[in-house]
2 protein chains.
Amino acid sequence: MSSNKNSKVDPRIIRTKRMFKEALISLLEENVDKSKLTVQSIADRAELNRATFYLHYRDIEDLMEQIIEEVLAEMSNTITPSPVNQQSIGKGNRASGSRLISFLEHIHQNAGLYQVLLENKEFRKRVFGILLDIVSLWGEDRKAKGRSFKVPNEIIVSSSLGIVSWWLAEGTPYSSSYLAKQIVRMV
Amino acid sequence: MSSNKNSKVDPRIIRTKRMFKEALISLLEENVDKSKLTVQSIADRAELNRATFYLHYRDIEDLMEQIIEEVLAEMSNTITPSPVNQQSIGKGNRASGSRLISFLEHIHQNAGLYQVLLENKEFRKRVFGILLDIVSLWGEDRKAKGRSFKVPNEIIVSSSLGIVSWWLAEGTPYSSSYLAKQIVRMV
DNA sequence: TTAACTAATTGATACGGTGTCAATAAAATT
DNA sequence: AATTTTATTGACACCGTATCAATTAGTTAA
């Protein structure tokens with residue numbers, strides 16, 4: 001799905017971009033302070049030349065944005081699995097409620113990365129949008145059953161995001177299912 | 001209270017530091033992008049020489065930290081007014097519950113500043129601590145009355161912080177009292 | 001008010017990161 | 001094997017950082 005066999009992308013490009021991305025992520029996860037996060041340090045970590053960086057990215061921010069796009073795509077796939085390998089676990093529509101758990105599970109398994117990325121304003125905005133979709137669907141489900149949320153969806157989403165950020169900052173002290181329970185309880 | 005008559009601080013220093021602080025704050029509130037936030041641009045805005053900056057601060061981060069300390073002190077004073085001009089509005093202990101409203105009011109009146117500062121990890125951590133104190137006091141009050149919160153204090157605080165961040169990012173669409181109501185409702 | 005301090009300015013400097021380039025080496029495609 | 005594309009290398013101009021000595025301006029105290 002992501003890149004079929006007919007793609008004529010030079011394998012060197014794929015390898016190089018992957019290495020720069022992994023390099024930046026590893027540096028970010030090590031909490032390298034901003035002043036030492038230079039193109040040179042990223043190139044060193046990637047074991048590539050500094051000039052090569054500029055063949056693929058405008059600047060560090062550009063690389064960051066591309067990483068964000070990939071991570072968001074992965075997140076969306078995790079929450080809403082592609083129709084092909086949909087596990088269709090009976091129970092009719094598993095969509096709304098349990099998506100929150102999928103979301104938290106996915107974040108839990110990439111805690112270090114998400115802790116760093118959630119510092120990024122644009123990333124938070126995008127995740128907010130994804131969460132808002134989940135909560136909206138969920139809200140419609142509840143509405144159909146006669147129950148409804150007591151507070152606006154945006155408040156549910158922003159508070160959930162706040163909880164997740166704290167959860168990550170504290171080293172994910174609770175399991176994702178317990179956290180989901182607490183969030184649901186608050187709604 | 002802040003600076004008595006015996007303080008032998010050269011008025012030039014006070015003026016200079018004030019101007020650098022105001023300069024950085026005004027630049028931050030204008031959402032100047034990070035790459036253009038230089039010592040030179042701050043000095044320009046302050047109408048002071050760049051070298052003068054280094055007479056008072058190690059770097060921009062240092063100036064930022066000093067601003068944060070001042071803002072936090074102001075915030076604490078707003079929430080827990082100094083014993084001298086305590087308004088003591090009968091009703092015994094007004095402490096716990098209405099402190100949330102004072103907190104939100106204060107943020108509302110400095111929305112631009114707080115929106116920027118809450119991007120800062122250290123600042124968020126400190127505000128988290130202040131909010132945790134408020135919520136803990138509040139929780140004890142409720143406990144004494146037989147009622148208690150359904151979720152851990154940290155979850156209440158982190159969700160509230162998330163809501164406040166969203167509220168500021170959206171240009172404070174609700175009044176602070178309405179927002180307080182929604183937060184209380186969720187607890 | 002003058003003399004002494006102390007802060008701010010100015011111009012200079014070394015250093016390090018940025019972004020780009022031409023020439024060359026290495027790898028992939030045909 | 002020949003051609004095309006990517007990666008490396010060394011060089012370069014530019015800009016921001018951080019510090020300095022010398023000078024100017026403002027404050028304090030005698």
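Note on naming: letters A, B, ... go to the chains in the order of the sequence lines (proteins, then strands), and numbering restarts at 1 for each one. It should be emphasised that the depicted structure is a prediction, and the values quoted were computed from it without experimental measurement. Both backbone and side-chain heavy atoms feed into the values below; hydrogens, waters and symmetry mates do not.
In this structure, CG of A:D10 is placed 10 Å from P of C:dT30, rounded to the nearest angstrom. Taking atom CG of A:L37 as the reference point, atom P of C:dG16 lies 18 Å away to the nearest angstrom. Rounded to whole angstrom, the span from the CG atom of A:D44 across to the P atom of D:dT9 amounts to 12 Å. At whole-Å resolution of the value, CZ in B:R50 and P in C:dA12 are 14 Å apart. The distance from atom CG of B:L55 to atom P of C:dT10 is 13 Å, rounded to the nearest whole Å. Between A:K34 atom NZ and C:dT18 atom P the separation is 13 Å, expressed in whole Å. Distance, B:Q40 CD to C:dT9 P: 12 Å, rounded to whole Å. Rounded to an integer number of Å, the gap from OH of B:Y57 to P of C:dA8 is 10 Å.
B:H56 has no side-chain polar atom (N or O) that falls below the 4.0 Å cut-off from OP1 or OP2 of C:dA7. In this model, the phosphate group of D:dT19 is not approached by any side-chain N or O of B:Y54 to a distance below 4.0 Å at OP1 or OP2. Residue A:N49 has no polar side-chain atom (N or O) positioned under 4.0 Å from OP1 or OP2 of D:dA7. For the pair B:T16 and C:dA8, the criterion of a side-chain N or O lying under 4.0 Å from OP1 or OP2 is met.
Across the interface with DNA chain D, nearest-nucleotide mapping of A:E47 and B:D59 shows A:E47 to be the residue nearer the 5′ end.
Here the side chain of A:V39 is nearest to one of C:dT9, C:dT18, D:dT8, namely C:dT18. Among the nucleotides C:dA8, D:dT17, D:dT27, the one closest to any side-chain atom of B:T38 is D:dT17.
Between B:R45 and B:E30, at least one side-chain nitrogen of the basic residue sits less than 4.0 Å from a carboxylate oxygen of the acidic one, meeting the salt-bridge criterion. Look at A:E70 and A:K21 and you find a salt bridge, because one of the NZ, NE, NH1 or NH2 atoms lies within 4.0 Å of a carboxylate O, short of that distance. Under a 4.0 Å N-O distance rule, the pair B:E69/B:R126 qualifies as a salt bridge. Using a 4.0 Å cut-off between charged nitrogen and carboxylate oxygen, A:R124 and B:E119 count as a salt-bridge pair.
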Side chain to side chain contact (heavy atoms under 4.5 Å, CB included) between B:Y174 and B:L104, intermediate numbers included: CA-CA 11 Å; B:Y174 303 134; B:L104 292 178; over 6 Å; no

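If you check every strand for non-hydrogen atoms under 4.0 Å, A:T52 touches a base.
In this model, a side-chain donor or acceptor of A:R12 finds a partner on the base of C:dA27 within 3.5 Å.
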